[in-house]
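Please read the structure below before turning to the comments.
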Amino acid sequence: PNQFHEQISTILICGAITGIVYPTHTLHLLLVYCLARLLYSFGYMFRPKFRVPGALLQDAVLFYMFYLTGKVGYVLIKA
């Protein structure tokens, strides 16, 4: 639903920045994010409250991506 449209620009921009320093790690995070989206969507199809695990996994990936983006910014400023 609309939550995806709110997060996709953030996840793509953070993924592009994080991929500069941590390309493999970023790839794995983005794959887990896609898996979380599928889990969310299928959970919502069967029963709306089954979407919670997918939503929690998405948020965990997003927060970890924020952390890595900040870490990359710090590394690039210190360089």
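Residue numbers count from 1 along this sequence.
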Give the cluster check for Tyr67 versus Ile20: same hydrophobic cluster or not, with ILVMFWY residues linked at side-chain heavy-atom distances below 4.5 Å. yes
Give a yes-or-no answer on whether the side chains of Thr18 and Thr26 include a donor-acceptor pair shorter than 3.5 Å. no
I would like to know whether Leu57 and Tyr33 meet side-chain contact (heavy atoms from CB on, under 4.5 Å); could you show each step before the answer? CA-CA 7 Å; Leu57 189 57; Tyr33 184 82; over 6 Å; no
May I ask whether Ile8 and Val32 are part of the same hydrophobic cluster, defined by side-chain heavy atoms of I, L, V, M, F, W, Y residues being less than 4.5 angstrom apart, directly or through others? yes
Does Phe46 share a hydrophobic cluster with Leu56, counting links as ILVMFWY side-chain heavy atoms below 4.5 Å and allowing steps through other members? no
For Met65 against Cys14, the heavy-atom pair lying closest together: CG-CB, 3.4 Å
For residues His25 and Tyr64, is any side-chain donor paired with an opposing acceptor at under 3.5 Å? yes
Under 4.5 Å between side-chain heavy atoms, hopping through other hydrophobics if needed: is there a path connecting Ile17 to Val75? no
Single-linkage hydrophobic cluster, 4.5 Å side-chain cutoff, Tyr22 and Leu12 together: yes
Heavy-atom side-chain contact between Asp59 and Gln7 under 4.5 Å: yes
Would you say the side chain of Leu68 lies within less than 4.5 Å of the side chain of Leu29, judging by non-hydrogen atoms? yes
Give me the atom names and distance for the closest heavy-atom approach of Gln58 to Tyr40. OE1-CB, 3.7 Å
Taking the side chain as every heavy atom from C-beta outward, state whether Leu27 and Leu30 have any atom pair closer than 4.5 Å. no
Interatomic spacing from CZ in Phe66 to OG1 in Thr10 - rounded to 0.5 Å: 5.5 Å
